[in-house]
Amino acid sequence: MDNTNTLIALFHESTDTAEAIDELHTLGIEDEKMVVITGVPYPKGALGRQLEWLTLPYIVLAGAVAGFLFGLFLAVITPHLYRLDIGGHPPVGFPPAAIIIFVFTMMATIVSTFLGVLWEMNFPRFGPAPYHRLVTAGHLAVLLEYPITLDSQVRQVLESHKAHHIGEPERMAL
Amino acid sequence: MSEASPNQPKHANHPDQMPEFEERLLLAERKDWEINEAVLQPMFKTGRGFWILVAILGAIVLWGLYAWGYLIYWGMGTSGKNRPVYWALFITTFVFWVGISHAGTMISAVLRLLKADWRRPITRGAEAMTAFALLMAGLYPLIHLGRVWKFYWMIPYPNNRFMWPNFQSPLMWDLVAIFTYLIGSSLYLYLALIPDMAMARDYTDGWRFKLYRVLALGWRGTEAEWHKLHRALGIFSVAIIPIFLSVHSIVSWDFAVTVQPRWHSTIFAPYFVIGAVYSGLSALASILIIVRRSMRLQEFLRSEHFDSLGKLVLVAGMAWVYFWFAGFIVEWYGNEPIVRELIHEEVSGRLAPFFYLQMSANVIPIILLVFKRIRTTPVLLLGTTLLVNVGMFTERALIVIGSLQRNDLPFNWGSYRPTWVEISIVAMTFAGFALLYTLFSRIIPFVPVWEIKEGRLRYTLRRIGRLLVPTAAEME
Amino acid sequence: MATGLAPAARRVVIEPFVDPPEETLPGQATWYASTCRQCPAGCGIVVRTINGRAKKIEGNPLHPLNQGKLCARGQAGLQVLYNPDRLRNAVRQSGGRGSRKYEPLYWTEALDLLKEKVASLSHPGRLAFLGGLMPDHVYQLTDRLLAALGAAPAVIYDLHSTLEGRGPAQQLSQAFFGTGDLPVYDLAQSDAVFSFGANLFETWMSPVAQSVAFGSMRQGALSGRGFIVQFEPRLSATGASADEWVPVRPGAEGFVALAIGRIIVEERLGHVGSHRDHAVLYQNVDVGEMSAASEVPVDTLRRLAKAFADADRAMAIPGGYLAGQQNGFASMLAVQALNLVVAQIGRQGGVFLSTPAPTVALRNKPRVNPFSDVLNLINRMNAGEVDLLIIHGTNPVYELPAATGFAEAITRVPYVISFSPFVDETAVWADLILPDHTYLESWGYQVPSPGTDRPVISGQQPVVRPLYDTRSTAQVLIDLAARLGGSAAEAIPWAGEETYLQEMITGLYGSSLGAFDARTSAGFWTLWRQYGGWWSEKEIRREPEITDIVQKPLPMSAPQYFGDPEEYPFHLHLYSSIALTDGRGANQPWLQETPDPMTTVQWGMWVELNPQTAESLGVGDDDIVLVESPYSALEVSVVIYPGIRPDVVAIPIGQGHQDYGRFAQAVTGSNPLGLLAPVTDPDADSLAWGATRVRLLPTGRKKKLARLESLDGQGRESIG
Amino acid sequence: MAKDANQSVEGSIRWALVVDLDRCTGCQACVVACHAENNMQIVGEKEAAYGRWTHWIIIHRYWEGEYPNVKARFMPVMCQQCTEAPCEPVCPVFATYHNEEGLNAQIYNRCIGTRFCGNACPYKVRVYNWFRPEFPEPLAEQLNPDVSIRTRGIIEKCTFCIQRIRRTEIDARAEGRSPADGEIQPACVQTCPTSALLFGDLNDPDSRVSQLAHSHRSFRLLPELGTDPGVIYLKGGEVNV
């Protein structure tokens, strides 16, 4: 990647960030080439970027189904593996089975949600990554990768929107 | 209330002077890093008082553990149980803790769904309470076993006995439901914690840095991460609600499925759930007040929060009375001999003191909470909410122990006296809860910083006549 | 030994078994037939033994007396055998009497010591033998030995037979039927039983046999459902099973009987033709007076009289509580006379007599001595006229009222020898203890008295090898005789206990009556042990002849009580506990933990008060009261008892042991016999143990009794 | 799957116990017989006073009326061996279940001591081992080798002397027949002096038990709960018709 360059720029304020991003777009730098790092979750599109599509819901759904089946196994199959009759109850009764199946479904849902989201964010990831401590202090950081040819315009755009700490992002172990 | 929020006296004097103004624009004048500092600083300050508290709580816990060992070694006979009172203080406290655990999810999940903005500063405290209360509750199913070293026979796994547990037993439902709820609430707590761990990571070094770094899982705060986190939390808040409803219903069915008079009731599930919410919210209020005082978080936990919390408790309280009455009138009217006997025991018999304690401790707070003055004055609110929990504990004791002393054959009636073993073990769980919570508050940012910051994004001021009114932007 | 019944399980468990007791298959149950000695009734038992250890006692289904059934005490017999507090060998009290320090002795030493003590007596009259109701053969050997030595015959006293009025009952038979054999009441076929203070289904005479009869009387196939009326001041468990309970003033039971008889005779009730020859019996009875004296309303008496007379097979039973009064004998006569009035003597569902043993040799049985003999002995002991006291099968220090002063008297006897297998209150005062086998380790036989509808002899044999180095008293006596030589050795020529028994028993060989018959006398001996005794295979009832006593008016004597009614307002009503009887059961944990049927109290002792009495004293359940008699006092918890007269307080006998093992001593309390005045019934010359008055003083303290029932439940069946 | 290897009898047997209250004299013979047969522990006065005795059969005593017209009645109550047993479904580990012969079986070594069954049982006939059983030497010799000794922390109850049922069944099978009516006798039935207790197969129309079950005197304990007990009581004070 010798013909591209990566920069990090910090902003004090979201409007500037948004405008800067727009102008960078006009410079022909795609969204994928930019990463915005913030200490606060900004609402959708606040920074003028469209969001990627998530597989999380499907992971959750799959988990839920798995849980349902496991619950089904425990509540409906196991009573027949070692048949013991109890006080006039059938080996499998609807209400108890319903409870067990429900609970295991929910358990799987929760767990798969958690694991799913970690997977999507491919967490945990402690390796060195471009980041700036000031982010949590309220600054917005824009990480962008662009052809060296655009270097001057990019810097000019950033400065024009009161960006500071422009430069090579330091890759710190997180 | 000197240590209460600085605005307190002001609207005590002239309440109509734009009270909303300062409050809604929470920390408007603060920079993000100032917020961070404000949240983190109290965590690092562990004074002598703190260590003394930890020492005392630790001592109680150790004593309780000794008592538990004693119980296991000598047998269940060292507790005060007998025939026919086969369940007593342990199960009572178990139900109580499960109840406490409910407000946490109630607050954070339900309010998150409803986008009630005032929840933001208190969610984490609530979720932590849920997790720890459940940990304590989870001990009792073990403690009350006659052969605790065989507890794993309840776990469903293929084993050399070819045996699977009996999934028709409410105790099995208990086991899985509580386990699920524990997992759910702790993951929920943790997920919302990740960004703040990253924040703490950036502000600390030494062992704390190492800890936070690990817990932050490498969070940077890219848009994608925020987006995914939001989705996950959204799913969680939906999924956790049916769980928390099911857990206490199942606990209630431990009793309701038997033919034991007064247990055998269809209203038990909702009655227990609402009772759980009532006691849980009260416990939350008490805890927040104490933490707020000890950690100087007046800026974050403001009287407005206690006001709204108070209102919730009030509503839950009224609902509890309603369910209690709905159950009671049927039993009273049905006039079944044994039930009549039990009601008589409660209203004018040996159980009367407990019954009236329960009723007064559960009803008086409802009346008190009607007054904003009480809801917004920490000390008064603390007293009120503690009273509620005294009432709820008594209520559980009456249901579990009171009912078991009577049954259909008068020849078999009995009575019960707790022993030092039981009391020590119960004390152990209370101390254990306090200890976990204290340590937690010093290690984990008690206020969800990122959520507060997020909240700030949504407000602008708008002038209406001569009034500056905060207006929230509807966004997600 | 041959096995009594078929082995129980056919599966043989293989296990290492180094030194197997004879005739046991490892893991396989073997049943041995023997006789229960928990009380003098003599029920037949079969004992399940596995690997040479007795495991379970059950009734002998072949035995005509108890027909396979057994009472609580019989079931608990294993805990006599396996009692942890048993003496394990002969001992001498090293630290002097009462020191409870024992040094073990070899039996040879012990026997030499015994012989030397007997031989060194300056005069045989200075030897006294105090015994309980011992197995017949032990008594016979004792008798022979004492006779040979020229000593006075054994004095037989034990509390149990005192409480069941055995002595007076024997004299009643004597007076009424001219024989000392006890009557047998045909409960099974009677349809109207008037029980005057007879606790038929608890401890009186032969409770199991009577219970078996009760079962068939109630729901038996042939007869309809017979009814029972119980006359007693305190509702006993038997009274609870009766259809009607008539609370009579203590000691006035006889008056009730007289009144009923009078009414029947004078109103010509019932189906017995003419009552003329009975008129004389009741000529000076006034129903009004009787009713007033007994506090039973006249119309009740009239109603009962009618019911009694109209019944097809009515029967009146003079029970043990009557004998406890100073007018006991008169009362018993009056009750027995009722059977005469309804002509039920020797008739189905009426009164019969115990059949004696078929051979004369077997007839010599222990018989309860008049109480004056006991008092005599005590006086002689006090006067220092007794140098050697030998005690077997009784525990006088506990079983005699303290007021008789036995405890002091025994200290004046230079040398005391006890045969007790346990260190009981008396054995503590013995210099030498030669522990007898427990009954499951012993040989013996017994002619049950009262008997049943046929001649019976219960056989006793060891069901296990003796656990410890104990020795059967019979054997000890035989050895002693041998050591003494001379007349004693001539009187007791047998080599051992077993040979003696065999000789006695095989006397029956060839009898035509027997339920079993053998070709040889050896075979007979084997069958005897397999069956657990000998009995006639068909019913042979013995009908009594009535003496001329019935030609004169029945005696009428008013009850007298010891203690001024002003100072001591309550009658003290002692009764023998159904589980502990006279206290012998107190060292058996099963019996201690067995709830009393009426109060449901386990362990512990108590005093029963009528609710109004308790109210007037201001005491409630579990409150400790001081029960005080002119002689002594004791503290005991209260049981509110609806079924007792307000002027009577009842205390169960059996607890309050100072010695007799950990389980007996575990229960706090003192022996209620201490309260008794040593008064007697002059006619029967028996201890009047029901004639003492007491007062109660609340102490304000409480002791929770181990009740089965919940006091909150107030004894209700349901809360309808 | 060692399913019911111990089940010796196929077919529909239902063991039942008839208690004739007209015969019962409350003599406690059954109680001691039960102790002797089933190796229950002795708890002593203090524990017994606190409701921790271990009797499998207890004889209720009811008072009626006031002095002098007072009556007392006895009612032996042991495990009712319900068909619709409330105690069975609530056990998380199947320590109590229903066997082919209609018995409410209690598997001691499966029990973990939740005591849930004890609460569920309306007759309160399930007793708990609060402490380790102790048998001072040589009392342990009395223990019945056919019955296991229960350690602390588990529930036990009347089994209708299942070991005696099995023994008789095995004997009968060895002789190629099925047990005759009345041949099987639990310890209490065997010893009951008045024969107030009677044991047999309720599903066999000719057995004494099922005949008495149809007597007009017969009733069940707490019938309103619909537990369908296997113990049938016969009302006292009347004759059979």
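Naming: A, B, ... by sequence-line order, numbering from 1 per chain.
Counting all heavy atoms, side chain and backbone alike, A:Leu74 lies closest to B:Pro156 at CD2-CB, 3.9 Å. Residues B:Ala239 and A:Thr109 come closest through the heavy atom pair CB-CG2, 4.3 Å.
Cation-pi geometry between B:Arg201 and A:Tyr131 is satisfied (NZ or CZ under 6.0 Å from the ring centre, within 45° of the ring normal).
Between the side chain of B:Arg220 and the backbone N or O of A:Pro130, at least one donor-acceptor pair lies under 3.5 Å. A donor-acceptor contact shorter than 3.5 Å links the side chain of B:Gln168 to the backbone of A:Pro90.
Under the 4.5 Å side-chain criterion, counting only non-hydrogen atoms from C-beta, B:Thr222 is not in contact with A:Thr38. Contact check for B:Arg161 versus A:Tyr82: no side-chain heavy atoms found under the 4.5 Å cut-off. Using a 4.5 Å heavy-atom threshold, the side chains of B:Phe236 and A:Ile110 count as touching.
Contact count versus chain B (heavy atoms, under 4.5 Å) is highest, among A:Thr78, A:Leu134, A:Leu56, A:Val117, for A:Thr78. Chain B forms more heavy-atom pairs under 4.5 Å with one residue of A:Gly93, A:Ala141, A:Gly138, A:Pro95 than with any other, namely A:Gly138. Ranked by non-hydrogen atom pairs under 4.5 Å with chain A, the options B:Ala216, B:Pro242, B:Ala198, B:Ser169 are led by B:Pro242. Of the residues considered (A:His139, A:Met107, A:His89), A:Met107 shows the highest number of contacts with chain B, using heavy-atom pairs under 4.5 Å. By number of non-hydrogen pairs under 4.5 angstrom with chain A, the leading residue of B:Trp253, B:Trp226, B:Trp450 is B:Trp226.
Interface residue B:Tyr190: only side-chain heavy atoms are found under 4.5 Å from chain A. Proximity to chain B (any heavy atom under 4.5 Å) is restricted, for A:Pro91, to the backbone atoms N, CA, C and O. For a residue to count as touching a neighbouring chain, one of its non-hydrogen atoms must lie under 4.5 Å from one of that chain's; by this rule A:Val111 touches chain B with backbone and side chain alike. Looking at A:Phe73, the atoms closer than 4.5 Å to chain B (heavy atoms on both sides) all sit in the side chain, from C-beta outward. Contact of A:Val40 with chain B is made through backbone and side chain together, with heavy-atom distances under 4.5 Å. With a threshold of 4.5 angstrom between heavy atoms, B:Tyr181 does not approach chain A through any atom at all. Looking at A:Ile100, the atoms closer than 4.5 Å to chain B (heavy atoms on both sides) all sit in the side chain, from C-beta outward. Using a 4.5 Å cut-off between heavy atoms, A:Pro79 does not touch chain B at all. Of the atoms belonging to B:Pro170, not a single heavy atom falls under 4.5 Å from chain A. When heavy atoms are compared at a cutoff of 4.5 Å, B:Trp33 approaches chain A by way of both its backbone and its side chain. Residue B:Pro195: no heavy atom, backbone or side chain, is found under 4.5 Å from chain A.
With values rounded to the nearest 0.5 angstrom, A:Leu115 atom CG is found 8.0 Å from B:Leu187 atom CG. Remark: A:Ile99 CD1 to B:Met172 CE distance equals 12.5 Å, nearest 0.5 Å. To the nearest 0.5 angstrom, B:Glu223 atom CD is 10.5 Å from A:Ile37 atom CD1. Atoms CG and CZ, on B:Leu217 and A:Arg125 in that order, are 10.0 Å from each other to the nearest 0.5 Å. Remark: A:Met121 CE to B:Trp219 CH2 distance equals 5.5 Å, nearest 0.5 Å. Here the straight-line distance linking atom CZ of A:Phe102 with atom OG1 of B:Thr180 works out to 9.0 Å at 0.5 Å rounding.
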Can A:Val103 and B:Ile250 be said to form a side chain to side chain contact (heavy atoms under 4.5 Å, CB included), step by step? CA-CA 11 Å; A:Val103 173; B:Ile250 287 171; 4.3 Å; yes
As a quick check of understanding, evaluate side chain to side chain contact (heavy atoms under 4.5 Å, CB included) for B:Tyr203 and A:Thr136, giving each step before the final call. CA-CA 9 Å; B:Tyr203 278 76; A:Thr136 36; 4.0 Å; yes
Before you tell me yes or no, could you show the steps for A:Tyr42 and B:Glu454 under side chain to side chain contact (heavy atoms under 4.5 Å, CB included), namely the whole-Å CA-CA distance, both residues' side-chain angles and the distance that decides it to 0.1 Å? CA-CA 7 Å; A:Tyr42 281 92; B:Glu454 184 187 27; over 6 Å; no
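In the displayed structure, B:Tyr152 atom OH is contacted under 6.0 Å by more than 12 heavy atoms of other residues, nucleotides or ligands.
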